[in-house]
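Along the sequence shown, residues carry numbers from 1.
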Amino acid sequence: MLKLAGMVIVILGSAALGMYQACMYMNRLNNLHEVKKAFLYIQGEIRYMSTPLPELLEEVAGRVKGPFRRFFSEVAAELSRKNAGMVREIWKECYRKEITRDVLEKDAEEEFLEMGGQMGGTDCRTQEKAIDYFLEKWEFIIEKRQKEKTNKLRLYYVCGVAGGVLMVIILV
């Protein structure tokens with residue numbers, strides 16, 4: 001009886017690990033959408049309102065959800081305290097400080113950091129074009145993740161359960 005309970009616990013634990021990985025994948029996908037929403041708002045503000053960057057990023061922080069809320073708020077605060085010409089360094093520093101490794105995948109992280117380096121240092125027209133280009137690349141990343149979503153989620157679930165069954169077979 002105790003052996004059976006142990007087997008069930010191992011299988012349920014590994015299945016829960018698979019479900020956790022699937023949830024992490026969905027969180028990363030949601031974070032991609034939040035960043036897209038933030039940059040669409042930034043683009044509109046730059047195009048129509050010419051809002052100063054620290055104020056703009058503080059407004060963005062109020063509009064996004066998740067870990068990027070703290071990030072945009074911190075960047076706005078740092079830009080208010082320091083010279084606005086240091087946007088690239090402040091962006092990267094705040095990213096390293098506020099965003100954990102599992103929030104974005106590597107390719108999305110690189111694009112996000114690259115876009116941060118182009119903020120604030122040029123005229124409005126150039127910033128608009130840079131954001132357009134960034135949004136096109138970001139949309140490609142989102143579409144790619146959406147296409148893989150079903151297969152990835154299924155893989156996480158199946159591997160979780162199969163891994164648990166395999167461990168039970170090995171241990172018994």
Quiz item: With Asn30, which residues qualify under side chain to side chain donor-acceptor pair (under 3.5 Å), at least two apart?
Solution: none
Practice problem: Run the numbers on Leu57 and Leu79 for side-chain contact (heavy atoms from CB on, under 4.5 Å), then give the verdict. | Solution: CA-CA 9 Å; Leu57 294 178; Leu79 285 174; 3.8 Å; yes
Quiz prompt | Residues, nucleotides or ligands: over 12 heavy atoms within 6.0 Å of Met19 CE | solution = no
Quiz item: Does Leu17 share a hydrophobic cluster with Leu153, counting links as ILVMFWY side-chain heavy atoms below 4.5 Å and allowing steps through other members?
Solution: no
Quiz prompt | Over all atoms of both residues, closest heavy-atom pair of Gly163 and Ser14 | solution = C-OG, 4.2 Å
Exercise. Provide the closest heavy-atom pair for Leu29 versus Lys149 in the form atom of the first, atom of the second, distance.
Key: CD2-CD, 3.8 Å
Quiz item: When rounded to the nearest 0.5 angstrom, what is the spacing between CE in Met49 and CD in Glu59?
Solution: 8.0 Å
Exercise. May I have the step-by-step check of salt bridge (Lys or Arg N to Asp or Glu O under 4.0 Å) for Lys92 and Glu78, ending in yes or no?
Key: CA-CA 12 Å; Lys92 285 184 179 181; Glu78 288 292 319; over 6 Å; no
Practice problem: Check ring pair (Phe, Tyr, Trp, His ring centres under 6.0 Å) between Tyr156 and all other residues, then give those that pass, not counting sequence neighbours. | Solution: none
Practice problem: Over all heavy atoms of both residues, which pair between Val10 and Gly164 is shortest? Give the atoms and the distance, please. | Solution: CG1-O, 3.9 Å
Quiz item: Do side-chain atoms of Asn31 reach the backbone of Val103 as a donor and acceptor pair under 3.5 angstrom?
Solution: yes
Practice problem: Return the set of residues passing side chain to side chain donor-acceptor pair (under 3.5 Å) with Asp132 (not counting sequence neighbours), or none when no residue passes. | Solution: Gln43
Quiz prompt | Qualifying salt bridge (Lys or Arg N to Asp or Glu O under 4.0 Å) pairs with a residue from residues 3-25, counting only residues at least two apart or across chains | solution = none
Quiz prompt | Residues forming a salt bridge (Lys or Arg N to Asp or Glu O under 4.0 Å) with Arg145, sequence neighbours excluded | solution = Glu105, Asp107
Quiz item: Side chains of Ile9 and Leu12: does their closest heavy-atom pair fall under 4.5 Å?
Solution: no
Practice problem: Using atom types as modelled and distance alone, determine if a side-chain donor or acceptor of Ser80 lies under 3.5 Å from a backbone N or O of Ala76. | Solution: yes
Quiz item: Could you give all pairs that pass the ring pair (Phe, Tyr, Trp, His ring centres under 6.0 Å) test and reach residues 124-152, with sequence neighbours left out?
Solution: Phe39-Phe134, Phe134-Trp138
Quiz item: Quick one: ring pair (Phe, Tyr, Trp, His ring centres under 6.0 Å) partners of Phe68, sequence neighbours excluded?
Solution: Phe112
Quiz prompt | salt bridge (Lys or Arg N to Asp or Glu O under 4.0 Å) against Glu110, all qualifying residues, sequence neighbours excluded | solution = none
Practice problem: Let me see the working for Met115 and Trp91 under side-chain contact (heavy atoms from CB on, under 4.5 Å), right down to the final yes or no. | Solution: CA-CA 9 Å; Met115 184 59 217; Trp91 190 272; 5.6 Å; no
Quiz item: Residues two or more places apart in sequence or in another chain: which of them pass salt bridge (Lys or Arg N to Asp or Glu O under 4.0 Å) with Arg63?
Solution: none
Exercise. Only counting residues at least two apart or in another chain, list the ones meeting salt bridge (Lys or Arg N to Asp or Glu O under 4.0 Å) with Lys97.
Key: Glu74
Quiz prompt | salt bridge (Lys or Arg N to Asp or Glu O under 4.0 Å): pairs with one or both residues in residues 36-56, sequence neighbours excluded | solution = Glu34-Lys37, Lys36-Glu139, Arg47-Glu128
Quiz item: In terms of heavy-atom contacts, does CE of Met24 have more than 12 from other residues, nucleotides or ligands at under 6.0 Å?
Solution: yes
Quiz item: For Thr150, what residues pass the side chain to side chain donor-acceptor pair (under 3.5 Å) criterion, not counting sequence neighbours?
Solution: none
